[in-house]
Amino acid sequence: MKKLIRVTVNDMEYEVAVKPNQTLVDMLRYDLGLTGTKNGCGEGDCGACTVILDGTPVSSCLVLAVQADGRAITTIEGVEGKDGLHPLQKAFIEKGAVQCGFCTPGMVLSAKSLLDENPGPSEEEIREGISGNLCRCTGYLQIIDAVKSVSK
Amino acid sequence: MSLPEFDFHAPGTVEEACRMVAGFGAKAKIFAGGTDLMLDMRRNRISPEHVISIPGIEELKTLEIASGMLTIGACVTVARVVKSKEIAAKWGALCAGAKALGSCLVRNLATIGGNVVSARPAADIPPSLMAYGASLVLKKTSGERVVSINDFFTGTGSTAMGPDEILTRILVPEPPPHSGAGYVNLGIRNACDINILNVSSYIALDGPGGAIKDARIVMGCVAPTHVRVNSAEKLLIGEKPTDALFQRAGEAALNAATPRGSAYSRASAEYKKDMVKELTVRTLAMAYREAMGR
Ligand code: FES
Ligand code: FES
């Protein structure tokens with residue numbers, strides 16, 4: 001039986017009827033049409049499905065949609081501000097940190113969470129902060145450069 | 001692959017959760033952090049009829065240090081333990097285990113209780129808890145009991161916890177003066193990895209520069225559960241700590257290890273045995289260094 005949940009996604013309130021065995025990533029993609037969040041491994045290994053849940057970055061393939069009831073989520077679609085792309089997103093473009101782009105939403109969200117908590121991370125802390133996000137294209141160096149370029 | 005169909009329950013209190021597990025018994029699975037459970041369900045290893053979600057229960061999220069005891073609520077996330085300076089100061093080996101678990105995205109969900117109850121021989125949290133002599137508080141509708149973590153694991157994925165019980169708290173005594181512990185895990189990469197092997201060692205000295213009066217050595221991935229190495233512990237107790245003694249303890253651990261060398265475990269039995277010795281020596285040296293400074 002479906003359950004009605006209330007969830008805030010990118011500052012918008014939604015009411016969604018979800019099946020108990022539906023994952024949060026599937027709800028975001030199929031029910032809300034927010035396809036920026038990717039479903040890669042589905043097992044918590046790749047970070048393509050990263051969202052920020054009540055301020056904490058998590059793999060949304062490991063969370064049930066029903067568990068998001070009453071909570072606040074930021075997806076990649078919510079990172080852009082009124083004045084356009086977030087400085088991190090601009091930095092990703094400038095530094096060539098995007099190739100196929102599949103890992104990018106997750107990378108940006110992990111990097112954003114890191115910088116929100118620690119605006120001046122060391123390279124080690126940046127590596128650690130994105131260690132849950134796999135990239136099969138860039139070799140990571142450009143991504144680290146991009147994050148560094150917007151650190152304080 | 002998609003998840004099996006189940007009914008979802010989110011009890012608001014521990015009492016309510018206990019009534020649910022009592023009612024559903026083996027048909028229910030508890031969802032703490034979900035990082036192991038979701039995988040097991042997706043891979044069709046289990047298909048519970050009921051999923052009881054407990055990370056919303058406040059009481060299970062307490063983390064406190066009082067009168068010589070660290071109390072970790074079952075649903076405290078691994079990330080919280082990594083961040084705690086108080087835990088790092090006194091229970092460093094536990095922090096090391098927490099840091100080694102999964103990636104930061106997984107640690108933000110995974111719980112200390114879940115990592116214990118899943119009873120995986122490669123898990124990062126149990127070895128140090130065993131080395132520090134932790135106990136577990138198991139609760140059911142009719143009351144609660146405290147069991148030593150040493151008696152908890154009965155096989156891969158199975159524990160002494162009844163189907164009508166839930167783990168509520170983990171009690172970790174504060175290590176006495178002149179004691180120390182170390183944890184080392186061996187994998188292929190630093191993040192997102194399953195251990196090939198892990199070892200945690202604890203020793204307590206009889207005063208500064210004194211003989212070893214207490215020792216606990218725990219190894220993982222060399223048997224169906226995490227195991228204590230009694231032979232190595234016996235050989236250490238009553239002796240003055242030296243490199244040669246630690247080498248002999250390592251040798252004892254090597255002889256006590258019974259790893260299976262399958263494709264799944266990603267390392268041959270010989271390699272694991274050799275490395276068990278190495279990691280035992282290394283963690284004992286870490287424990288000794290800490291003991292000398294405290
Ligand atoms: S899809 Fe969630 S971690 Fe890979
Ligand atoms: S850009 Fe292709 S996976 Fe990262």
Side-chain angles (χ1 to χ4, degrees), chain A residues 1-3 5 18-26 30 39-71 103 106-107 109-111 113-114 117-118 121 124-134 140, chain B residues 1-12 28-29 31-57 61 75 77-80 82-83 99-111 114 187 189-194:
Chain A
M1 208 182 58
K2 285 197 173 181
K3 190 178 179 294
I5 63 161
V18 296
K19 281 174 60 183
N21 66 346
Q22 196 174 347
T23 56
L24 179 57
V25 57
D26 283 350
Y30 301 120
N39 192 346
C41 65
E43 299 193 343
D45 284 333
C46 73
C49 64
T50 303
V51 301
I52 301 177
L53 178 61
D54 287 340
T56 311
V58 299
S59 294
S60 62
C61 67
L62 296 179
V63 178
L64 293 170
V66 277
Q67 291 174 314
D69 194 12
R71 305 175 74 177
C103 71
M107 282 290 180
L109 288 165
S110 281
S113 308
L114 170 70
E117 210 184 291
N118 174 7
E124 193 55 39
E125 286 167 330
I126 296 174
R127 285 174 180 267
E128 171 58 34
I130 59 165
S131 64
N133 300 83
L134 301 187
Y140 301 100
Chain B
M1 256 192 279
S2 59
L3 298 171
E5 299 213 353
F6 50 76
D7 282 338
F8 177 83
H9 311 268
K29 274 284 170 193
F31 189 121
T35 55
D36 285 333
L37 180 69
M38 290 290 265
L39 228 89
D40 283 342
M41 291 200 294
R42 191 175 294 276
R43 294 188 179 173
N44 267 319
R45 288 194 205 117
I46 51 167
S47 49
E49 283 173 36
H50 302 273
V51 167
I52 302 172
S53 173
I54 60 169
I57 302 179
K61 292 191 269 194
C75 288
T77 62
V78 173
R80 263 177 83 192
V82 170
K83 280 188 194 140
K99 270 190 201 132
L101 191 154
S103 70
C104 45
L105 297 172
V106 169
R107 287 194 292 273
N108 284 340
L109 290 170
T111 63
R189 55 197 298 276
N190 285 335
C192 283
D193 200 6
I194 296 171

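Everything numeric in this text was worked out from a predicted model, so none of it was measured.
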**Q** Does some side-chain heavy atom of Met38(B) sit less than 4.5 Å from a side-chain heavy atom of Thr23(A)?
**A**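 Of all side-chain heavy-atom pairs linking Met38(B) with Thr23(A), at least one is under 4.5 Å.
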**Q** When you look at NZ of Lys61(B), are more than 12 heavy atoms from neighbouring residues, nucleotides or ligands closer to it than 6.0 Å?
**A**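 More than 12 within 6.0 Å, yes.
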**Q** So, Asn21(A) side chain and Phe6(B) main chain: donor-acceptor pair closer than 3.5 Å or not?
**A**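 The answer is no, because no donor-acceptor pair under 3.5 Å joins these two groups.
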**Q** Not counting sequence neighbours, which residues clear side-chain hydrogen bond (donor to acceptor under 3.5 Å, both in side chains) with Thr77(B)? List them please.
**A**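 Partners of Thr77(B) by the side-chain hydrogen bond (donor to acceptor under 3.5 Å, both in side chains) criterion come out as none, since no residue qualifies.
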**Q** Please, which pairs that meet ring pair (Phe, Tyr, Trp, His ring centres under 6.0 Å) have at least one residue in residues 33-56 of chain B, sequence neighbours excluded?
**A**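 Sorted result for residues 33-56 of chain B: His9(B)-His50(B), Phe24(B)-His50(B).
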**Q** Tell me, side chain or backbone of Ser113(A) under 4.5 Å from chain B's heavy atoms, or both, or neither?
**A**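 No part of Ser113(A) comes within 4.5 Å of chain B.
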**Q** Can you name the nearest heavy-atom pair linking Cys104(B) to Gly129(A), along with the distance?
**A**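 Smallest heavy-atom distance, with atoms named: SG-O, 3.6 Å.
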**Q** I need the residue from Ile130(A), Thr50(A), Leu53(A) with the largest number of non-hydrogen atom pairs under 4.5 Å to chain B.
**A**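 Ranked by heavy-atom pairs under 4.5 Å with chain B, first place is Thr50(A).
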**Q** Holding to side-chain hydrogen bond (donor to acceptor under 3.5 Å, both in side chains), I want the full list of residues that pass it with Glu49(B), two or more places apart in sequence or in another chain.
**A**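 So Glu49(B) forms no side-chain hydrogen bond (donor to acceptor under 3.5 Å, both in side chains) with any residue.
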**Q** Among Val106(B), Thr35(B), Leu109(B), find the residue that satisfies the side chain to side chain contact (heavy atoms under 4.5 Å, CB included) test when tested with Val58(A).
**A**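 It is Leu109(B), the one option of Val106(B), Thr35(B), Leu109(B) that forms the side chain to side chain contact (heavy atoms under 4.5 Å, CB included) with Val58(A).
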**Q** Using 0.5 Å steps for rounding, measure from the CZ atom of Arg42(B) to the SG atom of Cys41(A).
**A**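 Reported value, rounded in 0.5 Å steps: 8.5 Å.
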**Q** Give me the contact list for residues 62-69 of chain A versus chain B, heavy atoms only, anything under 4.5 Å, ordered by residue number.
**A**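 The residues closer than 4.5 Å to chain B, in numerical order, are Leu62(A), Val63(A), Leu64(A), Val66(A), Gln67(A).
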**Q** Tell me, do Ser110(A) and Leu105(B) make a side-chain contact under 4.5 Å, heavy atoms counted?
**A**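 A side-chain contact under 4.5 Å exists here.
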